[in-house]
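Below: one structure, written as structure tokens.
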Amino acid sequence: MTAQSVDERRLREVALTPGEYRAIVEELKRAPNEVELGMLGVLWSEHCSYKSSKALLRRLPSAGAAVIQGPGENAGAVNIGEGWAAVFKIESHNHPSAIEPYQGAATGVGGIIRDVIAMGARPIALLDSLRFGPQPASSHHVEGVVAGIGGYGNCIGIPTVGGEVYFEDCYANNPLVNAMCVGLVRVERLMRARAEGTGNSLMLVGADTGRDGIHGASFASLELDETSSERRPAVQVGNPFLEKCLLEACMDLAHTDAVVAIQDLGAAGLTSSVAECAGRVDGAGAHIDVARVPRRERGMTPYHVMLSESQERMLVVVERGREAEVEAIFQAWDLTSAVIGHVTDDGHLTVVDGAEKVARLPISLLTDGAPPRRLVGVAAEQPPGLDMNALPPLVDAGAALLRLLASPNLSSRRGIFRRYDHMVGDATVIPPGGDAAMLRVKGTRLGLAVTTDCNSRYCHLDPHLGAQLAVAEAARNIIATGAHPLAVTDCLNFANPDRPEVYWEMEETIAGLAHACRAFELPIVSGNVSLYNDSSGESAIYPTPVVGMVGLIDDYGKRLSAGLRGEGDFVLLIGSSQNDLGGSEYLKVEHGLVAGRPPALDLARERAVDRLVLAAAENGLLQSAHDCAEGGMLVALAECCLLGGIGVRCPAIRPEVPLRMDAAFFGESPSRFIVSLSSRAMPELQSLARRHHVEISLLGLAGGDSIQFEGQFRLPLAEIRQAWEGALT
Amino acid sequence: MIARVIVTPKPVVNDPQGITVKQGLATLGFREVSDVRVGKYIEVNLEAETEHEARSRVEAMCKQLLANHVIEDYRFEIDMDGHKRR
Amino acid sequence: MIARVIVTPKPVVNDPQGITVKQGLATLGFREVSDVRVGKYIEVNLEAETEHEARSRVEAMCKQLLANHVIEDYRFEIDMDGHKRR
Amino acid sequence: MRSIWTVTSADEWPDPGGPCIFAAWAAGPLVKFGVVVFPGTWSDRDCGWVIDQVLGAELQYLWHKDADLKGCDCVILPGGFAYGDYLRTGAIARFAPVMEKIADFADRGGLVWGICNGFQVLCEAGLLPGALIRNSSLEFRCQWTNLVVERTDLPYTSQCGEREVIRVPISHGEGNYFADPATLSRLEQRGQVVFRYCDAGGRVTNSANPNGSMHNIAGIVNARGNVLGMMPHPERCAEVELGGTDGLKLFRSVAESAMKVLVS
Ligand SMILES: Nc1ncnc2c1ncn2[C@@H]1O[C@H](COP(=O)(O)OP(=O)(O)O)[C@@H](O)[C@H]1O
Ligand SMILES: [Mg+2]
């Protein structure tokens with residue numbers, strides 16, 4: 001077979017271009033056989049090779065004092081003190097979820113959990129960042145995805161403590177499902193998936209291998225079109241029960257020092273897990289006998305076995321001669337384990353089927369060989385501008401508030417998160433519903449705050465700024481609990497990067513992320529890229545860089561939540577407000593507009609505000625704190641009241657020119673919080689604010705069972721709650 | 001009349017439930033069991049003029065709601081004299 | 001051989017799933033549906049010398065594991081020639 | 001106090017008190033809790049945490065393959081999805097080797113406490129009547145609920161007040177209690193309903209029922225009073241930082257009852 005003679009159709013099937021094929025032949029100095037072609041196809045897919053995004057991702061900062069493990073392993077890890085490391089990562093499962101929402105989302109959760117387990121960590125929390133088309137047309141997606149996430153997380157017994165849900169037209173055919181998992185491990189027990197030690201055994205543990213998901217990784221690297229449903233056998237069915245047993249068995253491995261490394265099997269199955277594991281060690285290779293792989297079905301070929309994406313499997317590198325110890329641990333959990341090969345020092349992945357040779361490829365060709373794709377970015381058309389003078393003035397702030405709270409992007413998420421077990425583990429000290437959730441580290445006073453954030457409408461209107469705003473919002477969500485932001489994981493969801501305007505969005509987004517993370521001194525320790533989120537090239541998604549963030553508080557007894565606490569407390573707005581209506585929910589809900597520029601972000605001011613709130617929290621001045629985000633000041637204030645079950649009495653708002661009334665109530669200026677405190681704490685807060693050069697303004701006094709702005713409106717809390725909770729149930 | 005619909009996981013699709021039930025049966029001593037698949041049974045009471053009509057309506061129900069054709073197969077029978085067993 | 005077991009909720013047990021499916025069908029325009037019950041279908045591949053033996057073994061499986069007599073009824077058929085459809 | 005449990009009704013118990021009891025308490029309650037672990041169980045660690053770290057009692061995990069209860073005074077079947085809850089909740093778990101010992105233990109009057117999945121296992125095993133079916137909403141529900149305590153003469157509830165309303169979270173997809181009419185009326189007549197979902201004021205209403213359970217039943221006890229099954233999770237509310245401490249009352253009750261038996 002020569003480069004010319006290979007069937008074009010076959011190349012498409014394995015998602016390789018003729019150019020890539022030529023590169024393979026050149027490197028091997030021969031044509032690859034069928035199995036080799038399949039193996040290279042999956043590993044060179046965008047999903048595994050990052051060939052379109054690698055160059056850009058290098059710009060993201062990943063170093064920091066607390067970082068123990070940056071990108072490159074199954075998950076990132078940061079030191080949180082007292083001997084503990086927090087391990088976390090976010091990952092997309094968009095394409096499978098578009099085809100089969102329940103199983104797609106469920107197996108997405110299963111996959112990200114295995115990444116954390118592979119680091120030797122016990123998973124302690126899950127988050128899910130979701131994007132759907134408008135309701136009710138998207139309800140099939142919403143129902144399936146939410147049920148799938150709950151189905152997996154609830155069964156395996158890891159609390160799902162946070163996430164986000166947004167509805168926009170652009171996600172109608174391309175729903176996004178990004179799942180994040182956070183785990184804990186003693187620093188000295190942190191594992192790395194490196195196939196060290198020639199002669200050590202490779203054991204495959206967990207589920208038997210079936211024919212599921214062959215070419216799943218390539219599938220995730222294509223646009224969805226009419227034929228997608230024919231590729232549906234790529235959809236896999238998760239088994240959370242089996243993964244629970246796998247999790248416990250892997251935790252039990254800590255009792256033996258016979259284990260050198262653990263690597264999960266994800267996209268591209270055995271091929272990628274073995275290649276990646278060997279690829280992390282200079283000169284290492286692996287020898288695999290597919291005949292030894294336990295199978296679920298009869299009639300599977302070596303091709304199937306090497307490419308299967310059967311879920312709930314792990315590769316364990318075991319010191320030679322100690323396989324029985326490891327087998328016993330898995331056996332105790334009724335799990336199959338099989339020695340399927342060993343580590344070599346020839347830098348090649350050799351696959352045999354009993355006595356028969358099946359494939360032999362250089363590890364470096366598999367993991368690093370894909371020629372980077374050089375794409376060009378061209379700035380997208382400027383989105384429609386916003387003529388503020390043409391906007392009709394705000395007539396009835398109260399009525400607008402009710403409409404905003406009842407809109408799908410702002411309404412209560414309780415209808416969703418009550419379907420997730422968010423309490424198992426006895427560690428959730430801040431449950432979902434406010435800003436970040438918080439988990440205590442048992443046996444210490446440490447609290448880990450976790451959140452995911454991204455306003456993709458901002459990113460659509462200005463990707464560079466939008467990405468920065470996502471980082472800033474995530475940080476504010478962490479800070480609103482009293483915790484310090486520590487590190488970031490990111491899931492970059494884009495449309496087809498072959499389109500210059502999409503590639504430009506990628507460039508801008510990544511530049512914006514990098515810029516903001518540098519300003520916040522936040523390392524990005526793990527992440528994931530999902531491309532081709534456009535169905536048949538028509539409906540491209542907004543650039544959606546989901547920021548997952550972890551923060552730390554040294555004593556969770558000092559944590560803050562969003563709800564007002566006591567009658568008579570002062571309710572303050574920290575930070576200042578501009579005419580920031582561009583890209584706002586107010587514009588969309590009240591005026592049907594997606595227009596303008598997102599709010600400007602002054603990173604220095606943002607940091608000053610953050611420092612003030614953290615200092616105030618540290619000194620015990622605050623009763624509550626809440627981030628002011630979508631929907632602006634009034635929506636945030638209403639949330640503080642609803643979450644605390646206490647109303648608020650405020651004097652009329654009379655914004656000073658040039659601030660408009662609508663922007664004062666509903667503008668989305670960043671760098672703002674709503675806090676409450678007792679009157680006694682006021683002087684100290686005022687002096688802190690002066691010291692940090694941050695503007696603070698008194699909004700009103702907590703109390704009563706309504707929200708009122710003297711002479712402007714008064715709404716009973718019960719009515720507000722009905723609007724807020726009625727929308728998403 | 002009654003339509004009796006059986007929905008089963010497609011043969012290539014993983015069936016964790018079936019696998020686990022098989023293991024459960026083995027523990028109970030039913031070692032002669034080599035494979036178990038678990039699906040759904042749906043009994044639909046409906047009105048229709050003819051069996052032909054019933055057939056085409058139930059076919060449509062299966063396609064649209066009762067089975068998830070990504071991972072499941074279905075089959076059904078129509079019982080013209082069937083009535084609710086209550 | 002294959003045993004095809006059907007497990008249904010007892011008539012006295014309310015079947016929220018059935019009710020929801022019925023509503024779902026109605027929303028899709030299948031208004032001719034008066035009642036839906038959702039149960040389980042379990043396909044068991046097993047070895048047995050005789051149909052009689054198979055029958056008594058499957059009966060035992062149903063009693064012990066496959067159905068819960070507080071809330072469910074079961075019935076089954078044995079297909080002597082049946083084999084795994086894989 | 002490693003002997004077989006004997007259950008006496010609360011009013012027959014001698015007045016506790018006296019310095020020896022407080023001395024014993026200071027060293028931690030003497031009761032030994034066993035927590036069963038099936039494949040797929042996940043509340044085992046939470047129960048263990050409360051017993052060991054909050055209550056300070058002795059803790060022993062019991063593996064599903066164990067054929068011995070290791071001298072435990074109270075055996076907890078915790079929450080989770082034993083065997084994935086495939087087929088039916090608790091259906092496969094009830095055949096685990098440890099279950100045989102638990103049935104014997106219950107027969108002899110030993111304390112057996114099923115929480116959530118554990119309740120489902122006890123029903124499947126026939127140690128408690130009825131069954132738990134799909135929530136009427138068809139949705140999994142994780143939320144706080146209010147429970148009115150209808151029996152305070154049990155070793156599980158002696159620390160609760162008469163008809164006290166306690167706040168305890170639920171987390172289940174199949175907690176909808178069902179029993180045939182005869183069984184249900186027998187349960188009611190004999191006062192075997194221990195917890196009922198209610199509103200904050202203790203009213204047993206439809207809207208306070210999170211899953212469609214008959215008679216708002218959240219927990220029942222067997223006729224003898226030693227086997228308790230409940231859907232809500234007391235081990236999730238034993239510390240203020242988790243939002244409430246009512247669950248601790250149940251664990252304390254068990255520990256305290258053990259003390260009473262000890263002095264009696
Ligand atoms: N898909 C989800 N899963 C779990 N929790 C969610 C989900 N979506 C939102 N939440 C929770 O609901 C609360 C409000 O979400 P959101 O409005 O996005 O908050 P914010 O604007 O402060 O980021 C947060 O606690 C969040 O974690
Ligand atoms: Mg947010």
Side-chain angles (χ1 to χ4, degrees), chain B residues 2-46 57-58 60-77 82-86, chain D residues 36-42 62-68 77 79-103 117-118 120-127 131-140 172-174 176 178-182 214:
Chain B
I2 284 191
R4 304 207 170 85
V5 182
I6 285 175
V7 180
T8 49
K10 282 195 171 110
V12 295
V13 167
N14 189 15
D15 175 20
Q17 185 155 220
I19 293 172
T20 313
V21 170
K22 183 194 152 193
Q23 281 162 0
L25 285 170
T27 325
L28 286 178
F30 297 102
R31 298 193 184 281
E32 67 266 45
V33 174
S34 59
D35 192 40
V36 177
R37 307 283 288 177
V38 179
K40 271 182 292 213
Y41 170 76
I42 306 163
E43 211 170 78
V44 180
N45 277 272
L46 76 165
R57 295 295 281 174
V58 174
M61 292 177 203
C62 289
K63 283 230 166 70
Q64 291 177 47
L65 184 72
L66 302 183
N68 176 347
H69 63 131
V70 181
I71 47 177
E72 294 171 331
D73 292 326
Y74 63 86
R75 58 184 192 271
F76 61 86
E77 59 182 43
H83 51 274
K84 265 164 61 158
R85 332 182 168 209
R86 279 251 169 118
Chain D
V36 180
V37 185
F38 298 106
T41 296
W42 40 237
L62 300 170
W63 187 234
H64 65 116
K65 293 174 185 168
D66 284 352
D68 165 18
L77 295 154
F81 283 65
Y83 296 94
D85 274 352
Y86 292 136
L87 194 63
R88 287 185 315 281
T89 58
I92 301 178
R94 69 169 268 222
F95 293 108
V98 76
M99 285 306 294
E100 221 169 288
K101 298 293 156 198
I102 288 174
N117 198 221
Q120 296 162 338
V121 174
L122 290 175
C123 287
E124 278 285 336
L127 290 173
L132 294 142
I133 61 173
R134 208 64 191 270
N135 291 353
S136 53
S137 62
L138 295 184
E139 282 180 5
F140 192 95
H172 60 244
E174 310 198 12
N176 181 346
F178 171 87
D180 61 70
M214 288 178 151

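Every chain is numbered from 1 and lettered A, B, ... according to where its sequence line falls, protein lines coming before strand lines.
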Which atom pairs, one donor and one acceptor, sit under 3.5 Å between chain D and chain B?
{"unit_1": "D:L87", "atom_1": "N", "unit_2": "B:Q17", "atom_2": "OE1", "d": "2.6"}

Considering only heavy atoms from C-beta outward, does the side chain of [X] approach that of [Y] to under 4.5 Å?
X: B:L25; Y: B:V36; value: yes
X: D:N176; Y: D:L132; value: no
X: B:I71; Y: B:P9; value: no
X: B:V58; Y: B:V5; value: yes

First locate atom CZ of D:F140, then atom NE2 of D:H172, and finally report the distance between them rounded to the nearest 0.5 Å.
8.0 Å
What are the two closest heavy atoms between B:F76 and B:C62, and how far apart are they?
CD2-SG, 4.1 Å
Give, as side chain, backbone, both or neither, the part of D:I92 having an atom under 4.5 angstrom from any heavy atom of chain B.
side chain
